[in-house]
K.L.:
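One structure, pasted below without further comment.
No experiment lies behind these values; they were computed from the predicted model shown. All heavy atoms count here, side chains included; hydrogens, waters and symmetry mates do not. Naming: A, B, ... by sequence-line order, numbering from 1 per chain.
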Amino acid sequence: MNEKPKTYDFKEREEHWRKFWEEKDVYRFDEDSKKPIYSVDTPPPYVSAEHLHTGHIMSYSQAEFIVRFKRMQGFNVYYPMGFDDNGLPTERFVEQKYEIDKSKITRKEFVELCLKETKLGSQNYRDLWRSLGISVDWSKTYSTINKLSQKIAQWSFLDLYKKGKIYKTKMPTLWCVHCQTAIAQADLEAEERKSKLNYIEVEVENGEKLTFATTRPELLPACMGISVHPDDKRYKRLIGKKAKLPLIGREVLIFGDETVDPKFGTGAAYFCSYGGAEDIEWLHRHPEVESFHILGPNGRFNELGGKYAGLKVSEAREKILADLKTSGALVKQEEIENVTYVHERCGTDVEYISTEQWFIKIVEAKDEFLKRGKELNWFPKKMYRIYEDWVKSLKWDWCISRQRYYGVPFPVWYCADCREIILPDKNDLPVDPTADKPKKGCLKCKSSKIKPETDVFDTWMTSSLTPLIGLRLVKEDLWEKLYPENLRPQAFEIIRTWLFYTVVKSYYHFKGLPFKDVMISGHGLDEKGRKISKRLGNYIIPDRIIEQFGADALRYWATGAKLGGNMRWNEDEVKKGKRTVTKLWNAARFVFDTVGSAIPATVPALEEADLWLLHNLNKTVHEATAYFEAYEYSLARNEIDDFFWKIFTDYYIEFVKHRVYGEDKKSKEVAAYTLYNAILTLVKLYAPIMPFITEEIYQEFFKERSKTESIHLSNWPETVKEWHYPEKKHREFQKVLSVIDAVRAYKTQNGISLGKEIEGFTTNKKLTSEEKEFIQKTQRVKRITCAK
RNA sequence: GGGCGCUUAGCUCAGUUGGCUAGAGCGACUGGUUUACACCCAGUAGGUCAUAGGUUCGAGUCCUAUAGCGCCCACCA
């Protein structure tokens with residue numbers, strides 16, 4: 001036997017096992033295996049270096065507990081890793097980091113910076129996942145900007161275009177004036193704000209005055225008309241008449257419109273191009289109104305804004321309100337709470353600007369998406385509600401074009417002469433239309449004058465294809481087996497984006513589901529229960545924690561919240577994890593130092609205490625397995641902890657010490673059998689949660705008797721028939737335990753060390769002579785007496 | 001405005017189909033060098049399970065209202 005180290009140096013040992021797993025390729029997906037496959041659609045994290053915090057640790061660990069469990073259950077686990085690096089999040093990150101002035105940098109230079117940051121960022125993640133012990137197959141990685149992802153995203157575009165699910169049109173769309181791009185409904189965030197409701201008076205052609213109320217007075221120059229409810233007695237007679245706008249002087253018509261709520265404000269509303277969705281709808285209902293737009297893509301009023309041209313929205317608001325006040329048209333202002341939509345990436349107020357964009361039809365198929373969503377297995381179940389609410393509230397088709405640089409380009413050219421759309425052959429993908437030329441010119445007019453589409457895809461256009469991208473990393477005959485995938489783990493905030501869009505794609509491309517089970521994790525919160533955010537600066541740096549307590553300890557913390565629940569940061573829980581690591585190590589060492597060479601190969605005749613222990617072990621295995629199956633890793637951990645701390649170490653190890661150090665060879669052998677199996681099973685049960693210490697113990701003590709290279713490739717424990725202990729006997733043993741507790745309490749309360757032998761102890765429980773003997777030996781009491 | 005969730009010991013949280021004399025860890029206090037472990041062990045104190053009703057032989061657990069907190073959703077300009 002080689003000499004065993006006295007203490008477990010987690011820093012040195014964890015690094016040792018990281019290297020070991022890499023060298024032995026323990027987590028490699030075996031493409032030739034006959035075992036059943038378990039595939040995971042791993043969330044590709046956004047690459048931006050400052051972002052890593054304990055929230056990420058929590059959600060990735062939680063998914064990984066399940067993955068490791070499945071691997072030990074005998075599945076051929078496919079667990080790739082992606083990095084989401086294209087799109088706005090990265091652009092914003094780069095802009096901020098380098099304080100970029102977009103007018104002073106070329107598109108090419110900018111993209112190069114993005115690529116550089118992307119590389120740095122993904123390396124950061126990689127390092128963190130590695131130190132955490134995330135068991136992905138690192139030979140199966142992708143990034144959402146790489147060639148493969150571009151190819152699949154562009155293929156998706158072509159396929160959906162062919163199927164009539166994609167269209168291009170000019171219409172008012174959600175627009176971010178800061179990022180200067182169109183965005184999608186899913187990119188919106190609602191913000192409740194206090195603002196002012198402004199009452200503005202106009203002059204009607206018959207000489208009457210009419211007052212309407214608005215929160216967006218700055219759009220006055222773009223007012224297209226005023227509406228009142230057609231049955232509103234106060235205003236009925238004004239319908240069809242003209243009103244003169246203050247400051248502007250232009251005349252607009254007064255309409256009857258049932259959507260106007262007579263109870264809000266004055267019961268009269270003005271409609272502009274565009275203050276919001278209701279304005280757009282209003283204009284749809286009134287095609288006779290010739291609309292024009294005063295807001296440019298940069299968020300400033302254009303020349304149609306008259307004297308307000310060149311002003312930003314907020315500046316114009318102030319100016320116009322001041323002018324209205326001076327002119328007397330602003331008759332009243334009142335405080336109001338309303339909801340404003342901002343772009344979730346930058347917090348800028350969203351505007352509606354009429355531009356030409358590409359869309360995927362999603363509104364028309366809401367019912368289908370609801371049905372598909374219901375077919376998924378949601379863990380926890382209630383998360384389906386978020387999906388359902390979202391799909392039901394869909395109002396706009398998915399705008400997939402972004403007027404940005406760093407993204408997957410549209411595989412589209414236009415004929416400069418006849419404006420026909422020219423698409424590449426799918427075998428030529430990926431293409432960059434700004435650099436590549438279509439093989440043939442325009443098929444319609446034969447012109448060879450070509451203009452490229454310069455927009456790039458919304459980042460979700462690519463991310464929604466991760467199940468497809470993932471399977472392309474393995475050989476082709478496995479593709480069918482990997483789709484749909486078994487598991488999609490993800491956070492709840494991106495149900496409306498990542499999850500929903502993936503379902504959309506899968507349905508439109510294949511009429512199927514992209515995965516079977518969905519595992520939704522909650523938020524990581526700071527120790528005060530607040531969301532972790534840049535603004536609060538309340539990040540906990542995972543590297544520091546791993547350095548200080550070890551990866552196992554940090555992972556242990558991640559078991560603390562039930563699936564889907566938010567979890568506070570709590571360093572005490574990490575410490576508890578570390579204590580568990582130490583305790584496991586010591587318990588294992590005890591077993592092997594004392595009985596390591598005395599373990600019988602077959603099941604011996606078990607004594608009462610052994611049966612009691614093994615029976616409890618059976619129960620623990622049974623329950624922990626069921627919990628893991630149900631994605632309830634936290635309840636599984638509770639079960640395992642209880643068994644380990646309370647039953648195994650606090651009682652059983654104390655029970656067998658006299659046997660282990662005693663002369664009775666037979667009895668020692670039976671104890672050895674029990675201890676060996678208990679430790680081996682425990683270590684396996686803990687393996688998904690704490691892969692390092694369990695590997696250490698496995699390699700140190702069990703490797704010789706086992707053929708598998710790593711504990712993580714060994715079999716998940718099962719219950720053992722021979723360990724069954726009738727419930728009645730189990731109850732009798734509880735009686736013995738209660739006497740033991742009484743002895744312990746007696747000693748403690750009298751300041752006597754538990755190790756010191758006492759002369760006698762009297763109990764009112766009835767005990768057999770074997771039971772008495774057991775208590776006497778294990779608790780160091782010379783004589784137990786039963787009171788009448 | 002609609003929906004969902006939470007409210008259990010000083011703190012962080014378990015409590016699965018109603019049976020608990022309500023649990024754990026941390027913290028507090030007391031005692032202890034048990035031939036694994038002081039990163040430990042034993043013990044003590046501490047809760048009318050947010051509030052008010054109801055169903056039931058029995059409710060932390062089910063129902064109804066109320067309050068506080070959190071989240072998701074929502075075009076009332």
K.L.:
Within the structure, does a side-chain N or O atom of A/Arg589 lie under 4.0 Å from either OP1 or OP2 of B/A36?
P.N.:
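So the side-chain polar atoms of A/Arg589 never come under 4.0 Å of the phosphate oxygens OP1 or OP2 of B/A36.
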K.L.:
Please assess A/Tyr631 against A/Gln62 for the test side-chain hydrogen bond (donor to acceptor under 3.5 Å, both in side chains), listing each intermediate value before the final yes or no.
P.N.:
CA-CA 9 Å; A/Tyr631 299 95; A/Gln62 291 174 350; over 6 Å; no
K.L.:
Check every atom of B/A74, B/A36, B/G31 against the side chain of A/Thr748 and return the nucleotide holding the closest atom.
P.N.:
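Of B/A74, B/A36, B/G31, B/G31 is nearest to the side chain of A/Thr748.
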K.L.:
What integer number of Å spans the C1' atoms of B/C6 and B/G60?
P.N.:
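About 14 Å, rounded to a whole number of Å.
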K.L.:
Using Watson-Crick or G-U wobble geometry with both distances under 3.5 Å, which nucleotide pairs with B/A42?
P.N.:
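Partner of B/A42: B/U30.
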K.L.:
Donor-acceptor check, side chain of A/Arg568 to backbone of A/Leu525, threshold 3.5 angstrom: yes or no?
P.N.:
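A pair under 3.5 Å: no.
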K.L.:
Are any protein N/O atoms closer than 3.5 Å to N/O atoms in nucleotides 26-28 of chain B? If there are, list each pair with its distance.
P.N.:
unit_1: B/C26; atom_1: OP1; unit_2: A/Arg579; atom_2: NH2; d: 3.1
unit_1: B/C26; atom_1: O2'; unit_2: A/Asp572; atom_2: OD2; d: 3.1

K.L.:
Could you walk me through whether A/Gln699 and A/Arg13 satisfy the side chain to side chain contact (heavy atoms under 4.5 Å, CB included) test, starting with their C-alpha distance in whole Å, then the side-chain angles of each, then the deciding distance to 0.1 Å, before giving a yes or no?
P.N.:
CA-CA 12 Å; A/Gln699 298 287 343; A/Arg13 298 316 287 164; over 6 Å; no
K.L.:
When you compare B/U61 with B/U56, how far apart are their C1' atoms, in angstrom units rounded to a whole number?
P.N.:
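Comparing C1' positions in B/U61 and B/U56 gives a spacing of 13 Å.
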K.L.:
Sequence neighbours excluded, which residues qualify as side-chain hydrogen bond (donor to acceptor under 3.5 Å, both in side chains) partners of A/Asp572?
P.N.:
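Once residues adjacent in sequence are excluded, A/Asp572 has no partner under the side-chain hydrogen bond (donor to acceptor under 3.5 Å, both in side chains) criterion.
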K.L.:
Pull out every residue in residues 650-660 of chain A that has a heavy atom closer than 4.0 Å to any atom of RNA chain B, ordered by number, or say none.
P.N.:
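Heavy-atom cutoff 4.0 Å gives A/Asp650, A/Ile653, A/Glu654, A/Lys657.
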K.L.:
Are A/Phe500 and A/Phe369 an aromatic pair by the rule of ring centers under 6.0 Å?
P.N.:
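Centroid separation for A/Phe500 and A/Phe369: below 6.0 Å.
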K.L.:
Regarding A/Lys528, tell me which of base, sugar-phosphate or nothing describes its non-hydrogen contacts under 4.0 Å with the strands shown.
P.N.:
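Since no nucleic acid heavy atom lies under 4.0 Å of A/Lys528, the category is nothing.
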K.L.:
Who is the Watson-Crick or G-U wobble partner of B/C69, with both distances under 3.5 Å?
P.N.:
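Pair assignment: B/C69 / B/G5.
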K.L.:
Hey, does the side chain of A/Tyr661 come within less than 4.0 Å of B/A36's phosphate (OP1/OP2), counting only N and O?
P.N.:
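Indeed, a polar side-chain atom of A/Tyr661 lies that close.
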K.L.:
B/G25 pairs with which nucleotide, Watson-Crick or G-U wobble, both distances below 3.5 Å?
P.N.:
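Base partner found: B/C11.
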K.L.:
For B/G60, give its Watson-Crick or G-U wobble partner with both distances under 3.5 Å, or none.
P.N.:
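For B/G60, the partner nucleotide comes out as none, under the 3.5 Å rule.
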K.L.:
Using atom P in both nucleotides, what's the gap between B/G15 and B/A9 to the nearest angstrom?
P.N.:
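Straight-line distance between the two P atoms is 15 Å.
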K.L.:
Between B/C13 and B/G47, how far is it from one C1' atom to the other, in whole Å?
P.N.:
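My reading of the C1' atoms in B/C13 and B/G47 gives 14 Å.
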K.L.:
Could you work out, with side-chain contact (heavy atoms from CB on, under 4.5 Å) as the rule, every residue matching A/Lys619, not counting sequence neighbours?
P.N.:
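For A/Lys619, the residues satisfying side-chain contact (heavy atoms from CB on, under 4.5 Å) (neighbours in sequence not counted) are A/His615, A/Asn616, A/Glu623, A/His730.
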K.L.:
Could you go through nucleotides 4-13 of chain B and list every protein N or O atom that sits under 3.5 Å from one of its N or O atoms, giving the distance for each pair?
P.N.:
unit_1: B/U12; atom_1: OP1; unit_2: A/Arg568; atom_2: NH1; d: 3.0

K.L.:
Taking the C1' atom of each, how far is B/C63 from B/G18, in whole Å?
P.N.:
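Rounded to whole Å, the distance is 13 Å.
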K.L.:
Using a strict 4.0 Å threshold on nitrogen-to-oxygen distance, state whether A/Glu388 and A/Arg385 make a salt bridge.
P.N.:
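A salt bridge is present here (some side-chain N lies under 4.0 Å from a carboxylate O).
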K.L.:
For B/G53 and B/A42, measure between their P atoms and round to the nearest Å.
P.N.:
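Per the computed distance, 43 Å lies between those P atoms.
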K.L.:
Nearest of B/G32, B/U16, B/G31 to any side-chain atom of A/Tyr627?
P.N.:
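Looking only at side-chain atoms, A/Tyr627 lies closest to B/U16.
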K.L.:
How far, in whole Å, is B/A59 from B/A50 if one measures between their P atoms?
P.N.:
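Looking at atom P only, B/A50 and B/A59 are 15 Å apart.
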K.L.:
Can you tell which of B/C73, B/A14, B/C39 lies closest to the side chain of A/Leu635?
P.N.:
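The nucleotide sitting nearest to the side chain is B/A14.
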K.L.:
Using the C1' atom as the point on both nucleotides, what is the distance between B/U48 and B/C72, in whole Å?
P.N.:
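It comes out at 35 Å once rounded to the nearest Å.
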K.L.:
Please list, pair by pair, any protein nitrogen or oxygen found under 3.5 Å from a nitrogen or oxygen in nucleotides 75-77 of chain B.
P.N.:
unit_1: B/C75; atom_1: OP1; unit_2: A/Lys395; atom_2: NZ; d: 2.8
unit_1: B/C75; atom_1: OP2; unit_2: A/Tyr341; atom_2: OH; d: 3.3
unit_1: B/C75; atom_1: O2'; unit_2: A/Glu278; atom_2: OE1; d: 3.4
unit_1: B/C76; atom_1: N3; unit_2: A/Asp261; atom_2: OD2; d: 2.4
unit_1: B/C76; atom_1: N4; unit_2: A/Asp261; atom_2: OD2; d: 3.0
unit_1: B/A77; atom_1: N6; unit_2: A/Asp261; atom_2: O; d: 3.0
unit_1: B/A77; atom_1: N6; unit_2: A/Phe264; atom_2: O; d: 3.3
unit_1: B/A77; atom_1: N1; unit_2: A/Asp261; atom_2: N; d: 3.1

